[in-house]
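Numbering of residues begins at 1 and proceeds along the displayed sequence. Heavy-atom basis, side chains included; hydrogens, waters and symmetry copies ignored.
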Amino acid sequence: MIEAEGLTKNYGGKAAVRDVGFRCEPGTVTGFLGPNGAGKSTTLRMICGLTPPTAGSSSVLGMPYARLTNPGRQVGVLLDASAQHAGRTGREALGVSAQLMGVDRARVPELLERVGLERSAAKKRVRQYSLGMRQRLGLAHALLGDPEVLILDEPANGLDPVGMRWMRGLLRDFADRGGTVLLSSHLLREVEATADQLVIIGNGRIVAQGTRDELLAGTGTIVRAATDDAALAKALRAADMDPRETADGLLVDAAPELVGQAALRGGVALRELRAAEGSGLEQLFFELTGDGDSAGGDVSAPTPTPALEATR
């Protein structure tokens, strides 16, 4: 369980994070989304006791993080994969952490194998690791104490597609066994494929939160013609729809049945017609956070739509 209530952080009289509040339940993965500078990392640092809030409070497992007796045994944290001793080997780094936490060192080789750092990699100095390897070692540190909660900041950075798929499975399995995951990321499709809950932050303030299905409901339809996309676009415009090109096809702000009827009236055969899903999340993200050039601390913030506000 993770709870944040009214978290605010000011730097030099300017708010980087303003009145942030949300809750992460056991058995779920919560995706914490926002453009660079929106306040994601600052919020996670406040939850983990590394940055004192100007106002507000947070708790993990029912108490402030700093009051946990042995936090590494209860909460696995990965905030910066580069913040590891460059002169130690992966096995040595994990072994030191095990000793500090009072964890059986026998878990070290088991975890290194679990995160995909085979014996040769475990013997290398961390300075020789790629970013993806450091991420894997950071995840091993987070899992070392067999925690109930994971708090991860951009854990997919540097991972290749195989690594991202592996991480999705790891986090999903952790949550399915009753764990709580709070995952910060700017990789929308990765989060959409993993998260049960979404929290979107822009300009330091929460602009939407709710279940994935709640937030993506009504975000549009993806449609592709069997042979003639130009004719399809023309048919949609004739039905007062405004199709927009995406990598997946034409995105339309209308229900799939209405889009299908417009294509039928235009005599256009379709090869794909579906709810927007990932493209809908991308559309929602940019509608709520602007053009992505968010600068934390801006006094103004995007105004949630009434439908999204109702989920808060």
Side-chain angles (χ1 to χ4, degrees), residues 1-25 30-68 71-72 74-83 138 142 149-155 157 180-188 191 195 197-210 215 284-306 308-312:
M1 172 81 74
I2 302 171
E3 292 185 275
E5 184 175 353
L7 282 179
T8 297
K9 182 61 182 178
N10 297 334
Y11 291 104
K14 190 175 183 181
V17 173
R18 296 172 60 90
D19 196 29
V20 164
F22 57 84
R23 179 171 175 159
C24 307
E25 300 283 354
T30 298
F32 191 33
L33 303 174
N36 292 335
K40 300 189 304 296
S41 295
T42 300
T43 299
L44 297 187
R45 288 179 62 84
M46 287 192 284
I47 291 172
C48 294
L50 296 174
T51 296
T54 304
S57 63
S58 64
S59 64
V60 183
L61 298 173
M63 66 181 67
Y65 182 92
R67 288 175 49 194
L68 294 170
Q74 298 165 281
V75 185
V77 176
L78 174 57
L79 299 185
D80 183 357
S82 297
V149 174
L150 289 177
I151 299 176
L152 311 174
D153 192 7
E154 303 285 1
N157 276 357
T180 304
V181 180
L182 175 57
L183 167 68
S184 161
S185 182
H186 64 274
L187 300 175
L188 303 183
V191 173
Q197 310 282 332
L198 298 174
V199 178
I200 303 177
I201 187 171
N203 291 320
R205 303 182 72 172
I206 301 298
V207 294
Q209 62 178 296
L215 294 190
L284 175 67
F285 180 86
F286 286 114
E287 285 179 354
L288 293 173
T289 63
D291 60 9
D293 294 328
S294 172
D298 199 345
V299 174
S300 62
T303 302
T305 64
L308 294 173
E309 183 69 16
T311 69
R312 294 181 62 178

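Interatomic distance, CD of Glu5 versus CZ of Phe22, reported as 12.0 Å (0.5 Å rounding). Separating the CD1 atom in Ile201 from the CD atom in Gln209 is a distance of 10.5 Å, to the nearest 0.5 Å. Expressed to the nearest 0.5 Å, how far CG of Leu183 lies from CD1 of Ile151 amounts to 11.5 Å. Distance check, rounded to the nearest 0.5 Å: CZ of Phe32 to CG of Leu44 gives 6.0 Å. With values rounded to the nearest 0.5 angstrom, Ile200 atom CD1 is found 9.0 Å from Ile206 atom CD1. Rounded to the nearest 0.5 angstrom, Asn203 CG and Arg18 CZ are separated by 10.5 Å.
Considering every non-hydrogen atom in both Gly202 and Ala38, the closest pair reads CA-CB, 4.2 Å. Of all heavy-atom pairs spanning Cys24 and Leu182, the tightest one is SG-CD1, 3.9 Å. Taking every heavy atom of both residues into account, Gly31 and Ala195 meet most closely at N-CB, 3.7 Å. For Gly39 against Val17, the heavy-atom pair with the smallest separation is O-CG2, 3.7 Å. Pairing each heavy atom of Ala142 with each of Leu150, the nearest pair is O-CD2, 3.9 Å. Across Met1 and Thr180, no two heavy atoms sit closer than the pair N-OG1, 3.2 Å.
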Just list the side-chain donor-acceptor pairs under 3.5 Å for residues 52-68, sequence neighbours left out, or say none.
{"from": "Thr54", "atom 1": "OG1", "to": "Asn10", "atom 2": "N", "distance (Å)": "2.9"}

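Residues passing the side chain to side chain donor-acceptor pair (under 3.5 Å) test with Thr8, sequence neighbours excluded: none. Checked against side chain to side chain donor-acceptor pair (under 3.5 Å), Gln74 has no partners two or more places apart in sequence or in another chain. Every residue two or more places apart in sequence or in another chain was checked for a side chain to side chain donor-acceptor pair (under 3.5 Å) with Thr30, and none qualifies. Under the salt bridge (Lys or Arg N to Asp or Glu O under 4.0 Å) criterion, Glu25 pairs with Arg23, sequence neighbours left out.
With a 4.5 Å cut-off on side-chain heavy atoms, Leu7 and Ile47 count as touching.
For Lys40 (side chain) and Gly34 (main-chain N/O), a donor-acceptor pair under 3.5 Å exists by modelled atom type.
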